[in-house]
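We're numbering straight along the sequence, starting at 1. Indexing begins at 1, ligand by ligand and atom by atom, following the structure's order.
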Amino acid sequence: MLFSEENYETHKRGRIEVICGSMFSGKTEELIRRLKRAKIARQKVEIFKPSIDIRYSEEEIVSHDSNSIQSTPVDSSASILLLSSGVDVVGIDEAQFFDQGIVDICNQLADQGTRVIVAGLDMDFKKVPFGPMPYLLSIADEVTKVHAICVECGHLANYSHRLIDNDKRVLLGEKGEYQPLCRTCYNKKHASQE
Ligand SMILES: [Zn+2]
């Protein structure tokens, strides 16, 4: 078994799970998989994403392979706490775009007995830890790092290489704008760009 998830669907025990990785690593797919299992176990599930992420749909989390699940866009992490009373499992997607308050809120929810499953980009396109993600990784009970495949050499990819010339940190991802690369290929590309 890939993840030690026995009992998590039925045990009412607060915990924080973080799923992190580069773009195209399957983070959202893994989040959706866990949330669907919780639903099958008749857990009350709520899913939140930052309202900045409106690539495809206002109210659904849509992963790159179009596996989707109903979600609520929120402007700030504080709204997550307000909207989570009586919920067994809280899913949070694109956590890197949330404010730092998300760290405390995940802890508060878990302390109250809620299972919190967070998915997010661990690094931006410059290999810098992204927003609150390093803090969320620190406070997590369990961390899952998923990997994309390097489009240059086929090894596991950790980095999201930006193909277009734009220095803004937030540029919502589509296949045409980013490429997953391994360390070697990422460094090669950046050496040749300088
Ligand atoms: Zn490579």
Side-chain angles (χ1 to χ4, degrees), residues 1-5 16-37 47-50 52-57 60-69 71 91-100 102-103 106 116-194:
M1 188 164 57
L2 190 54
F3 304 105
S4 52
E5 62 188 348
I16 301 167
E17 298 160 39
V18 175
I19 305 160
C20 70
S22 69
M23 299 189 61
F24 314 113
S25 61
K27 300 179 297 294
T28 300
E29 288 84 349
E30 178 56 23
L31 174 67
I32 290 170
R33 192 185 73 87
R34 293 186 196 183
L35 294 171
K36 282 188 170 166
R37 289 168 65 89
I47 307 125
F48 302 98
K49 64 176 183 181
I52 187 177
D53 188 40
I54 47 166
R55 271 176 287 185
Y56 306 95
S57 156
E60 290 191 329
I61 289 185
V62 183
S63 63
H64 292 288
D65 71 355
S66 299
N67 195 354
S68 68
I69 191 164
S71 78
I92 302 170
D93 198 20
E94 304 284 0
Q96 76 277 0
F97 292 141
F98 275 107
D99 53 281
Q100 203 64 23
I102 190 94
V103 181
C106 288
V116 184
I117 313 174
V118 181
L121 272 175
D122 45 12
M123 288 175 279
D124 67 10
F125 72 105
K126 292 179 172 171
K127 302 206 288 197
V128 176
F130 210 139
M133 286 304 289
Y135 296 87
L136 292 168
L137 290 165
S138 299
I139 63 163
D141 296 74
E142 183 189 291
V143 172
T144 305
K145 184 147 178 161
V146 285
H147 300 90
I149 298 296
C150 177
V151 294
E152 295 286 334
C153 75
H155 280 102
L156 292 182
N158 267 339
Y159 306 110
S160 313
H161 170 61
R162 186 178 283 176
L163 293 164
I164 57 169
D165 189 21
N166 184 327
D167 211 40
K168 262 176 68 184
R169 190 177 211 192
V170 176
L171 186 72
L172 293 175
E174 297 283 358
K175 276 210 165 81
E177 288 152 17
Y178 292 93
Q179 264 186 342
L181 293 178
C182 71
R183 183 182 295 275
T184 309
C185 296
Y186 181 96
N187 289 340
K188 249 189 238 166
K189 281 236 161 149
H190 286 256
S192 65
Q193 275 172 9
E194 276 152 22

Q.
Using the Zn ion (ligand 1) as the vertex, how large is the angle between SG of Cys182 and SG of Cys153, rounded to 10 degrees?
A. 110°

Q: Salt-bridge test for Glu30 and Lys27: reply yes if a basic N is under 4.0 Å from a carboxylate O, no otherwise.
A: no

Q. How many angstroms lie between atom CD of Glu142 and atom CD1 of Ile16, to the nearest 0.5 angstrom?
A. 12.0 Å

Q.
Any N/O/S atom from His155 (main chain or side chain) under 2.8 Å of the Zn ion (ligand 1)?
A. no

(Q) Angle between ring planes, Tyr159 versus Tyr186, binned at 30° and 60°: parallel, tilted or perpendicular? (A) tilted

Q) Are Glu152 and Lys188 within salt-bridge range, i.e. N to O under 4.0 Å? A) no

Q. Angle at the Zn ion (ligand 1) between SG of Cys185 and SG of Cys150, to 10°?
A. 110°

